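Take a look at the structure below.
Owing to the predicted nature of the structure, the values given are computational and were not obtained by experimental measurement. Note that the numbering runs from 1 along the sequence shown for the chain.
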Amino acid sequence: QVQLVESGGGLVQAGDSLRLSCAASGRTFSSYTMGWFRQPTGKEREFVARITWSGGTIYYADSVKGRFTISRDNAKNTVSLQMNSLKPEDTAVYYCAAAPGLGSRRNEYNYWGQGTQVTVSS
């Protein structure tokens with residue numbers, strides 16, 4: 001069992017930065033692939049980034065590549081998303097999630113946080 005709690009969202013201006021954090025509970029956190037997803041109002045939830053248990057494999061959505069950085073600290077049971085050069089189209093509720101496998105498909109993620117709102121004004 002893994003419980004996830006996101007923090008760090010807020011209201012910023014275009015071009016600003018934010019750092020989201022996700023605190024996980026559960027002894028097996030280090031064995032899970034961790035992902036960040038986002039859901040703009042009225043739209044479907046979409047993949048943002050994922051990182052495997054060792055941190056050795058990282059993937060980003062094309063829309064955030066070069067601007068966002070995912071990282072994890074297995075000793076502290078946390079995963080973070082550093083978001084730079086934010087754009088209004090980054091506005092969404094951001095969720096962290098955990099998958100026991102590689103996490104290449106959304107339905108592999110069986111644990112989700114409650115989400116944190118990120119709003120980027122133009």
(request) Among Val64, Val48, Leu18, find the residue that satisfies the side chain to side chain contact (heavy atoms under 4.5 Å, CB included) test when tested with Leu81. (result)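 Between Leu81 and the candidates, side chain to side chain contact (heavy atoms under 4.5 Å, CB included) is satisfied uniquely by Val48.
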State the [atom1]-[atom2] distance between [X] and [Y], to the nearest 0.5 angstrom.
{"X": "Tyr60", "Y": "Arg67", "atom1": "OH", "atom2": "CZ", "answer": "12.0 Å"}
{"X": "Thr57", "Y": "Ile51", "atom1": "OG1", "atom2": "CD1", "answer": "9.0 Å"}
{"X": "Thr69", "Y": "Asn84", "atom1": "OG1", "atom2": "CG", "answer": "6.5 Å"}
{"X": "Leu86", "Y": "Phe68", "atom1": "CG", "atom2": "CZ", "answer": "5.0 Å"}
{"X": "Ile58", "Y": "Met34", "atom1": "CD1", "atom2": "CE", "answer": "13.0 Å"}
{"X": "Tyr95", "Y": "Trp36", "atom1": "OH", "atom2": "CH2", "answer": "12.0 Å"}

Any donor-acceptor pair under 3.5 Å linking the side chain of [X] with the backbone of [Y]?
{"X": "Thr33", "Y": "Gly101", "value": "yes"}
{"X": "Glu6", "Y": "Cys96", "value": "yes"}
{"X": "Ser21", "Y": "Ser7", "value": "no"}
{"X": "Ser30", "Y": "Asn74", "value": "no"}
{"X": "Ser121", "Y": "Val12", "value": "yes"}

(request) Name all residues meeting the side chain to side chain donor-acceptor pair (under 3.5 Å) criterion together with Arg45; count only those two or more places apart in sequence or in a different chain, and write none if there are none. (result)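 Listed in chain order: Gln39.
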(message) My understanding is that only residues two or more places apart in sequence, or in another chain, count here; which of them pass side chain to side chain donor-acceptor pair (under 3.5 Å) with Thr119?
(response)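 Result, side chain to side chain donor-acceptor pair (under 3.5 Å) vs Thr119: Gln117.
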(message) Is it true that Thr78 and Asp73 share a donor-acceptor pair across their side chains at a distance under 3.5 Å?
(response)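 Distance-only check fails for Asp73 and Thr78.
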(message) Side chains of Asn110 and Glu108 only: does a donor on one sit below 3.5 Å from an acceptor on the other?
(response)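 No, because no side-chain N or O of Asn110 sits under 3.5 Å from a partner of the opposite role on Glu108.
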Would you indicate whether the side-chain heavy atoms of [Y] and [X] approach each other to under 4.5 Å?
{"X": "Met83", "Y": "Val118", "result": "yes"}
{"X": "Ile70", "Y": "Val79", "result": "yes"}
{"X": "Lys87", "Y": "Ser122", "result": "no"}

(message) Counting neighbours of CD on Glu89 that are heavy atoms of other residues, nucleotides or ligands and sit closer than 6.0 Å, is the number greater than 12?
(response)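 More than 12 heavy atoms, drawn from other residues, nucleotides or ligands, come within 6.0 Å of this atom.
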(request) Start with the C-alpha distance between Ser17 and Gln82, add both sets of side-chain angles, then the distance that settles side chain to side chain contact (heavy atoms under 4.5 Å, CB included), and finish with yes or no. (result) CA-CA 7 Å; Ser17 298; Gln82 177 66 42; 3.9 Å; yes
(request) Tell me, with the steps shown, if Arg19 and Ser71 meet side chain to side chain contact (heavy atoms under 4.5 Å, CB included). (result) CA-CA 11 Å; Arg19 186 176 181 86; Ser71 60; 3.8 Å; yes
(request) With Arg38 as reference, evaluate Thr116, Asp90, Thr91 under the side-chain hydrogen bond (donor to acceptor under 3.5 Å, both in side chains) test and give the passing residue. (result)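 When side-chain hydrogen bond (donor to acceptor under 3.5 Å, both in side chains) is applied between Arg38 and each of Thr116, Asp90, Thr91, only Asp90 qualifies.
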(message) Checking Phe37 now: which residues fulfil ring pair (Phe, Tyr, Trp, His ring centres under 6.0 Å) with it, not counting sequence neighbours?
(response)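 Expected list: Phe47, Tyr109, Trp112.
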(request) Determine, step by step, whether Ser104 and Arg50 satisfy the side chain to side chain contact (heavy atoms under 4.5 Å, CB included) criterion, reporting the C-alpha distance in whole Å, the side-chain angles of both residues, the deciding distance to 0.1 Å, and the verdict. (result) CA-CA 8 Å; Ser104 57; Arg50 71 175 187 265; 3.8 Å; yes
